[in-house]
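Working notes for the structure below.
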Amino acid sequence: MQPYIISGFPGITFSENAPDFTVGPFSDSDVIHISATLNGTDLFRDVRVYPDKDKNVTIRTKQLVRNYKPQKDPNVFTSTVVDVLLLQVDYNGKNQSAICRVLSGGIDKKVLEANWSWWDKWASSNFLTWQPQVLDTTPEQPQRLHLAPTLHREYKVESTLYLADGRKVTKTIAKGVAPYYIHEFPTDFNTLWAAYCNGQNVILRPFDVSATGYNFLPDITLPLEPYYKNRGGVPVAYDVFATGYEFDDNNTPIEYIKTFVQRYELRAAKYNDVCFGFYNTLGGFDTLMMQGQIALVPAGEVGTFTNTGVETELTNDYTSCWEASTGYIDNRRMAAQYQDFLKSTERYIYREGKWLKIIVAEYKIKDITRELNAYTFKYRLAEKNERRYYERTELPELEPPVEFCGCDRY
């Protein structure tokens, strides 16, 4: 009996859910070697192995890729090919091989063990995010979505803007999404809709519909309806979704598909908003806006040298660290998001229009059911930078009489 593939791969899998690759049965006289490559780079090659008691050879795929972290930069939007893993078993001049595409991350294994074909359908109709499907956001908060379709479908990604006067506008933001790519789309309000609102005389100050919203248009008295109509309305929320078709061999559309709708409800920015981001367990990038207190708590040690009774400082390992709080968390979906943030090993903070990688040194979670909870954590920048720089400007000459209030200079 010739060896055959006993357990193979689905078309795509997560690194932490990758199934074993088993080939067999082999005879005692077979000389067996195994090889593995990831994106064309050898992980190992022509390693001699021996069958188990059942005369099979099994490669523990998850052990090869579970800690694999693709090189990603959240400051760059790009579409990348899903990583390709090739496993091969050679014996007596013959071989059995299989290819699997691997996404970094993992989901509840009970779902995949029940039916691997479920993934193909799911990946083509869901964005790679665990964010709540209805999410509060500010116009300035960076947002993005990822899509990794596995079936040959022709997609277009669209967004619908809702205005307070009842109007809605839909536009296409991307077309021609190819399968087995991770496609990345900016979905923040400023990128998608700020230019449109400026051109249509729509007020850019958002209508705050969040649960904690309060008067969002200062110095304007009720009723507000005429105010909206005279100025083209106020943006309330916007959706992002993808639609497409699967085609048969004759290039005839045979199935229409639409992803779930990701809805962003606009709110006014708060003085204590701080934006964090992280790569989630689906391989996508999620962002969080936290309103809790942040305190600078530097850490470090000073290295000294003593010579003839005189001590001199040689090194100073001063490192800026911050203690942060999520602020009160008012629903379970957001609690899960903050927990995912603390589980991740790829976390960032958004400063001055750029994502900076951070290291979370410690965190504290105490989650009590049916109570408002807040999580705390301590972080520092991954790239240490204690240097300073700021622009100086020309000062005008002082003209008499000169008064210096609040201090005695003489």
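This chain uses plain numbering: 1 for the first residue, then up along the sequence. As the structure is a prediction and not an experimental result, all values here were calculated from the model. Values reported hereafter were calculated over all heavy atoms of this structure, with side chains retained and with hydrogens, waters and symmetry mates removed.
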Find out whether the Lys NZ or Arg CZ of [X] is both under 6.0 angstrom from the six-membered ring centre of [Y] and within 45° of the ring's axis.
X: Arg347; Y: Phe278; result: no
X: Lys357; Y: Tyr348; result: yes
X: Lys175; Y: Tyr155; result: no

[X] versus [Y], closest heavy-atom pair with distance:
X: Lys72; Y: Gly283; value: NZ-O, 2.8 Å
X: Ala18; Y: Val65; value: CB-CG2, 4.2 Å
X: Pro186; Y: Leu192; value: O-CD2, 3.5 Å
X: Gly106; Y: Phe14; value: CA-CB, 3.6 Å
X: Val57; Y: Pro51; value: CG2-CA, 4.1 Å
X: Leu128; Y: Leu282; value: CD1-O, 3.6 Å

Does a donor on one side chain and an acceptor on the other come within less than 3.5 Å for [X] and [Y]?
X: Glu391; Y: Tyr389; answer: yes
X: Asp286; Y: Asn280; answer: yes
X: Tyr375; Y: Asp367; answer: yes
X: Ser320; Y: Glu386; answer: yes
X: Thr78; Y: Glu184; answer: no
X: Thr287; Y: Gln141; answer: yes
X: Glu265; Y: Tyr238; answer: no
X: Asn190; Y: Asp188; answer: no
X: Ser125; Y: Thr259; answer: no

Flag the pair [X] / [Y] as yes when at least one side-chain heavy-atom distance between them is below 4.5 Å, and no otherwise.
X: Glu383; Y: Asn385; value: no
X: Pro3; Y: Lys94; value: no
X: Glu158; Y: Val240; value: no
X: Met289; Y: Cys275; value: yes
X: Tyr181; Y: Val82; value: no
X: Arg101; Y: Leu85; value: no
X: Thr312; Y: Thr304; value: no
X: Asp340; Y: Leu342; value: no

(request) Taking side chain to side chain donor-acceptor pair (under 3.5 Å) as the test, write out the residues that go with Asn373, two or more places apart. (result)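 Counting only residues at least two positions away or on another chain, Asn373 forms no side chain to side chain donor-acceptor pair (under 3.5 Å).
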Any donor-acceptor pair under 3.5 Å linking the side chain of [X] with the backbone of [Y]?
X: Thr187; Y: Arg144; value: yes
X: Asp30; Y: Ile32; value: no
X: Asp273; Y: Lys270; value: yes
X: Gln143; Y: Tyr264; value: no
X: Asp317; Y: Glu301; value: no
X: Ser35; Y: Asp46; value: yes

(request) Could you go through the side-chain hydrogen bond (donor to acceptor under 3.5 Å, both in side chains) check for Thr58 and Thr22 one step at a time? (result) CA-CA 4 Å; Thr58 297; Thr22 303; 3.1 Å; yes
Under 6.0 Å from the [atom1] atom of [X], do we count more than 12 heavy atoms belonging to anything else shown?
X: Gln133; atom1: CD; value: yes
X: Tyr363; atom1: OH; value: no
X: Lys171; atom1: NZ; value: yes
X: Lys384; atom1: NZ; value: yes

(request) Considering only NZ, NE, NH1 and NH2 on the basic side and carboxylate oxygens on the acidic side, decide whether Asp42 and Arg45 come within less than 4.0 Å. (result)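 A salt bridge is present here (some side-chain N lies under 4.0 Å from a carboxylate O).
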Rounded distance [0.5 Å steps], [atom1] in [X] versus [atom2] in [Y]:
X: Leu161; Y: Gln200; atom1: CG; atom2: CD; result: 10.5 Å
X: Arg267; Y: Leu135; atom1: CZ; atom2: CG; result: 9.5 Å
X: Ser159; Y: Asp239; atom1: OG; atom2: CG; result: 7.0 Å
X: Leu86; Y: Phe21; atom1: CG; atom2: CZ; result: 9.0 Å
X: Ser15; Y: Asp83; atom1: OG; atom2: CG; result: 9.5 Å
X: Ile6; Y: Asp54; atom1: CD1; atom2: CG; result: 8.5 Å

(message) As a quick check of understanding, evaluate side-chain contact (heavy atoms from CB on, under 4.5 Å) for Leu145 and Thr129, giving each step before the final call.
(response) CA-CA 7 Å; Leu145 289 173; Thr129 180; 3.9 Å; yes
(message) Quick check: Phe185 with Phe77 (ring centres under 6.0 Å apart)?
(response)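 No: the rings miss the under 6.0 Å criterion.
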(request) Compute the centroid of each ring, for Phe260 and then for Phe127, and state whether the two points are separated by less than 6.0 Å. (result)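 Yes.
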(request) Quick one: do Val169 and Trp193 satisfy side-chain contact (heavy atoms from CB on, under 4.5 Å)? Show the steps, please. (result) CA-CA 10 Å; Val169 184; Trp193 290 109; 4.2 Å; yes
(message) For Val84, run the side chain to side chain contact (heavy atoms under 4.5 Å, CB included) check against Thr37, Val102, Ile99, Leu38 and tell me which one passes.
(response)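 The single option meeting the side chain to side chain contact (heavy atoms under 4.5 Å, CB included) with Val84 is Ile99.
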(message) The test is side-chain contact (heavy atoms from CB on, under 4.5 Å); show your working for Thr326 and Gln337 and say whether it passes.
(response) CA-CA 11 Å; Thr326 60; Gln337 271 273 283; over 6 Å; no
(request) Given side-chain contact (heavy atoms from CB on, under 4.5 Å), test Ile107 with Asn17 step by step and report yes or no. (result) CA-CA 7 Å; Ile107 61 175; Asn17 297 109; 4.0 Å; yes
(message) Exactly one of Trp322, Phe341, Tyr338 should register a ring-ring contact (aromatic ring centres under 6.0 Å, His included) with Phe377. Which one does?
(response)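 Option passing the ring-ring contact (aromatic ring centres under 6.0 Å, His included) with Phe377: Phe341.
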